[in-house]
Structures are given as C-alpha cells and as structure tokens.
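Keep in mind that the numbers below use all heavy atoms, side chains included, and drop hydrogens, waters and symmetry copies.
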Amino acid sequence: MIEMMDIGVEKAVAYRVGGKITEEEMTSVISIFKEKIDNGEKLIVYQEVAGFDGVEFDAMAEKFKFFIEFGISHFNRIAVVTHKKWIHNLVDIEGKLFKNVDMKGFPIEEKDKAIEFLKGA
C-alpha cells in the first residue's frame with residue numbers, strides 16, 4: 001500500500017509505504033514524478049516505510065520503465081524514514097552509488113530531521 005502524505009514541504013512528493021505495493025499505486029506515484037519532471041522540477045521525495053510485504057511484479061516493471069525512460073538525474077533529494085536499520089544501510093549504499101542525488105535514511109523518531117533535510121533542497 002502507498003498512501004500519499006502532506007509533510008509541509010511544498011515541492012516534495014511524500015508517501016507512506018505499508019504492506020504490498022500494487023501496480024496501480026506505483027503508477028500513481030510515478031505519474032506525480034513525471035508531472036513534476038514535465039514542469040522542469042527536480043524531484044524531492046519523502047518515503048516513510050511503515051512495513052513492507054513486497055511489490056507486485058507489474059509494479060516493479062512500472063518502476064523499471066520509469067528509470068529506463070528518465071534515469072535518476074531528475075532526483076534532487078530523497079529522505080527515507082523507517083524503523084528498519086537494513087533500509088537505512090541500503091539508502092546509504094544507494095547514496096554512494098548515485099552521487100548526484102542527496103539521499104539519507106532516518107529512524108522514525110527523527111521524522112522531523114528528515115523533513116528539515118528536504119526543506120534544504
């Protein structure tokens with residue numbers, strides 16, 4: 001499940017992930033990304049991971065199609081908030097691989113710090 005959120009950062013795309021992500025949900029988020037790209041905006045993303053039970057195959061296919069078409073260069077800053085330490089480690093690795101994107105993982109108790117991080121974009 002993907003639930004859109006308002007975190008008080010005007011240009012941010014913010015959402016909470018919980019359960020299994022469907023193709024419809026992934027397509028919805030990707031359409032927001034595409035709209036911002038079409039408007040010449042850099043993407044600022046807040047992702048809160050409450051729980052994760054996997055991703056439908058078609059949802060992953062949509063995500064891969066997006067990255068093949070647009071790449072990662074449209075992303076400016078990404079904050080991932082979760083209580084799962086392994087996700088923080090993954091975000092740190094991705095941040096080192098994609099040097100043009102400022103990515104950070106935050107514990108759920110530091111949600112306010114994640115929002116402040118995005119405001120600096």
Side-chain angles (χ1 to χ4, degrees):
M1 169 203 71
I2 296 178
E3 173 189 356
M4 301 308 292
M5 306 170 61
D6 180 358
I7 59 167
V9 179
E10 183 182 340
K11 295 191 179 228
V13 178
Y15 54 92
R16 180 178 294 116
V17 175
K20 190 168 190 168
I21 299 171
T22 67
E23 177 185 11
E24 181 180 332
E25 293 165 338
M26 184 69 74
T27 302
S28 175
V29 171
I30 288 171
S31 70
I32 295 169
F33 289 168
K34 287 179 179 179
E35 181 180 325
K36 289 188 168 289
I37 291 168
D38 288 345
N39 290 332
E41 296 180 43
K42 286 284 193 174
L43 297 172
I44 301 167
V45 179
Y46 174 93
Q47 182 182 65
E48 187 173 302
V49 182
F52 185 68
D53 293 330
V55 181
E56 288 180 359
F57 178 80
D58 290 339
M60 285 305 297
E62 288 300 315
K63 182 177 178 179
F64 287 130
K65 284 193 296 189
F66 171 79
F67 282 111
I68 289 169
E69 183 178 350
F70 292 96
I72 192 125
S73 64
H74 295 285
F75 288 86
N76 181 12
R77 216 169 251 202
I78 300 171
V80 179
V81 178
T82 183
H83 65 281
K84 297 183 182 292
K85 184 67 177 163
W86 68 269
I87 295 177
H88 295 169
N89 293 336
L90 182 62
V91 171
D92 290 344
I93 291 168
E94 289 177 334
K96 290 175 182 161
L97 290 173
F98 305 111
K99 295 185 184 293
N100 294 333
V101 182
D102 201 356
M103 303 172 84
K104 283 189 182 181
F106 296 87
I108 200 81
E109 319 60 64
E110 295 182 7
K111 179 179 180 174
D112 293 343
K113 287 183 181 180
I115 293 169
E116 287 303 313
F117 166 72
L118 294 177
K119 286 180 179 178

Residues pairing under side-chain hydrogen bond (donor to acceptor under 3.5 Å, both in side chains) where one sits in residues 50-59, two or more places apart or in two chains, turn out to be none
Value for CG (Asp38) from NZ (Lys34), rounded to nearest 0.5 Å, stands at 9.0 Å
Closest non-hydrogen contact found for Gly71 with Phe75 is O-CE1, 4.2 Å
Side chains of Val29 and Phe66, heavy atoms from C-beta outward: is any pair under 4.5 Å? no
Sorted by chain and residue number, the salt bridge (charged side-chain N to carboxylate O under 4.0 Å, His left out) partners of Lys65 (sequence neighbours excluded) come out as Glu62
*Shared ILVMFWY cluster between Phe70 and Phe67, side chains joined below 4.5 angstrom?*
yes
Hits for side chain to side chain donor-acceptor pair (under 3.5 Å) against Lys36, two or more places apart or cross-chain, chain-then-number order -> Glu41
Contact check, side chains of Val91 and Thr82, non-hydrogen atoms, under 4.5 Å
no
Problem set entry | Shared hydrophobic cluster for Ile72 and Leu43 (ILVMFWY, side-chain gaps under 4.5 Å) | yes
ILVMFWY cluster, Met5 and Ile115 together (side-chain gap under 4.5 Å):
yes
Sorted by chain and residue number, the ring pair (Phe, Tyr, Trp, His ring centres under 6.0 Å) partners of Phe57 (sequence neighbours excluded) come out as none
The reported gap from CG in Leu118 to CD1 in Ile44 (rounded to nearest 0.5 angstrom) is 7.0 Å
* Are any of the side-chain heavy atoms of Phe33 and His74 separated by less than 4.5 Å? -> no
Between Gly8 and Asp6, the two heavy atoms sitting closest are N-OD1, 2.9 Å
Side-chain donor-acceptor pairs under 3.5 Å in residues 93-108, sequence neighbours left out?
{"residue": "Lys99", "atom": "NZ", "partner": "Lys96", "partner atom": "O", "Å": "3.4"}
{"residue": "Asp102", "atom": "OD2", "partner": "Arg77", "partner atom": "NE", "Å": "3.4"}
{"residue": "Asp102", "atom": "OD2", "partner": "Arg77", "partner atom": "NH2", "Å": "3.3"}

* To do: Decide whether Ile32 and Ile37 are clustered together by the hydrophobic rule: side chain heavy atoms of Ile, Leu, Val, Met, Phe, Trp, Tyr closer than 4.5 Å, transitively.
  => yes
To the nearest 0.5 Å, atom NZ of Lys85 lies from atom CG of Asn89 at 5.5 Å
Distance col, row Met60:CE vs Phe64:CZ, nearest 0.5 angstrom, shows 3.5 Å
Taking only Lys NZ, Arg NE, NH1 and NH2, and the carboxylate oxygens of Asp or Glu, determine whether Lys113 and Glu116 approach each other closer than 4.0 Å.
no
Closest heavy-atom pair, Lys119 versus Val9, reported as atoms and distance to 0.1 Å, is CG-CG2, 3.7 Å
| said: Is there a side-chain contact between Phe117 and Glu110 in this structure, where contact means two heavy atoms from C-beta onward sitting under 4.5 Å apart? | reply: no
Side-chain donor-acceptor pairs under 3.5 Å in residues 13-23, sequence neighbours left out?
{"residue": "Tyr15", "atom": "OH", "partner": "Gln47", "partner atom": "NE2", "Å": "3.2"}
{"residue": "Arg16", "atom": "NE", "partner": "Glu48", "partner atom": "OE2", "Å": "2.9"}
{"residue": "Arg16", "atom": "NH1", "partner": "Glu3", "partner atom": "OE1", "Å": "3.3"}
{"residue": "Arg16", "atom": "NH2", "partner": "Glu48", "partner atom": "OE2", "Å": "3.4"}
{"residue": "Thr22", "atom": "OG1", "partner": "Glu25", "partner atom": "N", "Å": "3.2"}
{"residue": "Thr22", "atom": "OG1", "partner": "Glu25", "partner atom": "OE1", "Å": "3.2"}

Contacts of Lys42 meeting side-chain contact (heavy atoms from CB on, under 4.5 Å) (sequence neighbours excluded), chain-then-number -> Asn76
